[in-house]
Amino acid sequence: RMMSLYVPSHYKNTPNDLQLMADAPAHRLFVLLAPVDETANALPEILCVLQVALEGAISRGSASAALSKGDSPQGDLVPWTVATQFQDPDFPQLSGARIVRIATHPDLPRQGYGSRALQQLHAYYEGALTDLLETDVMPSDRAEARAEVTRPDGGLLGETIKPRAALPPLLSPLGERRPEKCHWIAAAFGLTQQLHKFWTRAGYQPVYLRQTASDATGEHSAVLIRALESSEDDEEDQNAPSTNPEWLRAFSADFKQRFTGLLGGPFRDMPPGLALAVLAPKVDFDDDERARGCEENAVRRADGDALTAHDLKRLEKYAQSLVDHHLVADLVPPLARAFFGGKIPATMSYAQTAIVLTLGLQHKEMDDAANELGLPTPQVMALFNKAVRKMHAALRAGKTRQVEAEMPERALPNLNPHAVGLDEDLEDGANKVTEAMRQKQKELLEDAGLERYAIAGQEADWSEALVGGKGPKSGLLSVKRKARGDAEETPAKEKKDRKEKKAASAGKKSKSGGKKKR
């Protein structure tokens with residue numbers, strides 16, 4: 001049943017594969033089964049099957065000797081590949097598991113059984129599925145006794161064919177097995193966008209990509225590794241190699257830098273979508289990162305020097321759509337390398353990122369990029385202009401910050417708050433102005449002599465007219481006017497007093513003037 005799943009899922013199958021699965025001591029088979037009916041005398045249905053090969057645990061001396069001679073020994077595919085690519089004799093000391101094949105039932109595609117099988121495999125090698133038994137003795141899958149199938153004086157003609165006794169179980173739960181000590185788990189396959197998405201979603205990171213494509217499939221062979229977090233302590237083994245998880249990040253970052261430089265050569269014909277999936281660049285930056293801009297000398301030209309003021313001017317003119325894109329064609333590759341290296345904090349869309357990769361890293365023309373992306377050439381040019389505008393803004397922000405840091409700091413005066421607040425000061429001034437205006441109006445009213453316009457009659461006259469509390473029907477109320485002399489007595493007297501005051505003041509002025517002449 002396992003072979004029937006492998007045959008349609010893999011392009012290369014041989015009869016030796018069955019013998020390898022049955023007899024190879026370093027190979028393990030794991031199956032994800034459908035619900036088991038214990039009452040039925042039949043094998044359960046297989047949903048997914050994995051074939052795993054145990055690799056690694058090579059001494060440092062052997063690894064150093066092989067690397068110094070340039071040899072690549074047979075077997076242990078992942079340890080020798082990684083050690084050769086990074087010239088690291090320490091990695092082969094780590095033990096790991098390589099997934100040779102994985103296949104799901106052809107009637108159940110895209111149902112999540114492959115991902116579930118990988119999760120269970122990771123949990124098994126990390127020690128999360130082992131049952132907590134009272135004893136440390138785990139059940140063995142070896143046969144306890146061997147039946148005699150050949151007589152001592154036998155030969156093939158005298159061989160007795162009969163069932164063997166005390167055979168190990170065909171299937172055993174993972175909780176009843178003690179897992180082998182592994183530091184990593186890896187997979188090697190022909191790289192496609194769909195397979196890359198499947199493995200990276202499970203936590204695998206690329207560390208190697210063959211530069212020559214396969215003659216049979218046209219695909220580049222890739223190696224992806226996932227670090228395992230073992231729950232067991234390595235304190236008992238003092239000679240155990242270090243398992244710092246940073247080693248995988250360092251390998252993956254170094255691989256991406258190499259891949260970025262090779263996109264213009266061996267991987268020039270790789271689809272932009274697959275190249276972006278391998279690089280997985282950061283394309284979304286927050287406001288603080290964009291405001292900070294690029295670091296000093298983040299972008300370097302072909303001669304190794306930083307961009308000059310003339311280069312920045314050319315980028316500015318192109319960002320303003322004042323010149324053609326050919327004027328900045330020589331600056332696109334260094335800008336693309338810096339952007340995919342995470343040195344230019346510019347938020348871009350997927351289409352803009354693909355265009356920058358095609359033009360800057362794969363060194364293709366604008367029409368070729370349009371054909372690769374399936375977009376019209378004018379639209380590709382517009383998106384590229386927006387991308388360059390964002391990268392120029394990041395360069396300008398970084399340059400501005402650098403100039404501000406180099407400027408001398410100005411000593412600011414010691415500014416203390418006023419004793420009186422601004423609102424209180426304004427209110428006090430408004431009160432003073434209002435009081436002055438009121439005083440001036442009062443003086444003007446006094447000098448105008450408005451008393452002559454006062455209503456004639458005293459309080460007693462008005463009270464006498466209102467005797468009984470009712471007014472006349474006509475609505476008009478009147479009192480007798482006094483004699484003309486009485487009525488004008490008061491105004492005339494006031495007028496006379498004012499004249500006397502003016503005469504007295506004039507006399508004082510004349511006396512003072514005469515004293516000065518003497």
Side-chain angles (χ1 to χ4, degrees), residues 2 6 10 12 14 16-30 49-67 69-103 117-118 120-127 141 174 177-191 195 199 202-210 221-230 232 234 237 239-245 247-252 254-255:
M2 287 186 290
Y6 278 145
H10 201 269
K12 186 177 181 181
T14 63
N16 292 335
D17 297 336
L18 181 59
Q19 183 180 3
L20 190 69
M21 293 167 56
D23 297 338
H27 283 239
R28 303 288 185 269
L29 294 173
F30 300 89
V49 56
L50 296 98
Q51 181 180 354
V52 174
L54 301 178
E55 297 181 347
I58 302 171
S59 66
R60 180 182 175 85
S62 300
S64 300
L67 291 177
K69 296 178 182 179
D71 295 340
S72 181
Q74 297 294 326
D76 294 306
L77 173 65
V78 174
W80 289 119
T81 300
V82 174
T84 303
Q85 291 297 315
F86 299 98
Q87 291 298 302
D88 183 10
D90 294 329
F91 181 78
Q93 298 181 72
L94 302 179
S95 58
R98 175 173 61 90
I99 300 177
V100 180
R101 291 184 180 185
I102 178 173
L118 277 181
Q120 294 295 309
L121 184 66
H122 299 159
Y124 169 69
Y125 279 113
E126 290 176 351
D141 56 358
L174 294 182
R177 288 180 50 87
R178 185 182 300 278
E180 294 82 3
K181 178 63 178 178
C182 291
H183 301 98
W184 52 263
I185 186 168
F189 53 89
L191 185 65
L195 288 177
W199 290 102
Y204 291 75
Q205 299 184 35
V207 296
Y208 170 74
L209 186 62
R210 187 179 178 86
S221 300
V223 174
L224 283 75
I225 300 179
R226 182 184 190 275
L228 295 176
E229 299 177 0
S230 178
E232 298 181 2
D234 291 336
D237 187 4
N239 297 324
S242 175
T243 57
N244 186 358
W247 62 267
L248 182 55
R249 297 191 187 95
F251 284 165
S252 181
D254 186 78
F255 160 76

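The structure presented is a predicted model; accordingly, all values stated were derived computationally and were not measured. Side-chain atoms are counted along with the backbone in the values below, which use heavy atoms only and exclude waters and symmetry mates.
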Which heavy atom of [X] sits nearest a heavy atom of [Y], and at what distance?
X: E55; Y: P79; value: OE1-CD, 3.2 Å
X: W80; Y: S62; value: CH2-O, 4.1 Å
X: G190; Y: L195; value: O-CD1, 3.5 Å
X: G96; Y: C182; value: C-SG, 3.9 Å
X: I185; Y: L121; value: CD1-CD2, 3.5 Å
X: I58; Y: A63; value: CG2-N, 4.4 Å

Do the ring planes of W199 and Y204 sit parallel (below 30°), tilted (30 to 60°) or perpendicular (above 60°)?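 The arrangement is perpendicular - the two ring planes meet at more than 60°.
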Just to verify, what does E180 make a side chain to side chain donor-acceptor pair (under 3.5 Å) with, not counting sequence neighbours?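 Listed in chain order: R28.
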Please examine the side chains of F86 and F91, heavy atoms only from C-beta on, and report whether any two atoms are closer than 4.5 Å.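 Heavy-atom side-chain distance check fails, nothing below 4.5 Å.
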Under 3.5 Å: donor-acceptor pair, side chain of H183, backbone of L94: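 Judged by distance alone, no pair lies under 3.5 Å.
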Using modelled atom types only, decide if a donor and an acceptor are shared between the side chain of E126 and the backbone of A123 within a distance under 3.5 Å.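 Answer holds: no.
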For Y208 and F255: C-alpha separation, side-chain torsions, deciding distance, then whether ring pair (Phe, Tyr, Trp, His ring centres under 6.0 Å) applies. CA-CA 7 Å; Y208 170 74; F255 160 76; 8.0 Å; no
Yes or no on side-chain contact (heavy atoms from CB on, under 4.5 Å) for L224 and Q205, after CA distance, side-chain angles and deciding distance? CA-CA 5 Å; L224 283 75; Q205 299 184 35; over 6 Å; no
Can you list the steps and then say if V100 with V52 is a side-chain contact (heavy atoms from CB on, under 4.5 Å)? CA-CA 5 Å; V100 180; V52 174; over 6 Å; no
Using the side-chain contact (heavy atoms from CB on, under 4.5 Å) rule, take L174 and F30 through it: C-alpha gap first, then chi angles, then the decisive distance, then the call. CA-CA 9 Å; L174 294 182; F30 300 89; 3.6 Å; yes
What residues form a side chain to side chain contact (heavy atoms under 4.5 Å, CB included) with A186, not counting sequence neighbours?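 If we apply the side chain to side chain contact (heavy atoms under 4.5 Å, CB included) test to A186, skipping adjacent residues, the hits are V78, W184, I225.
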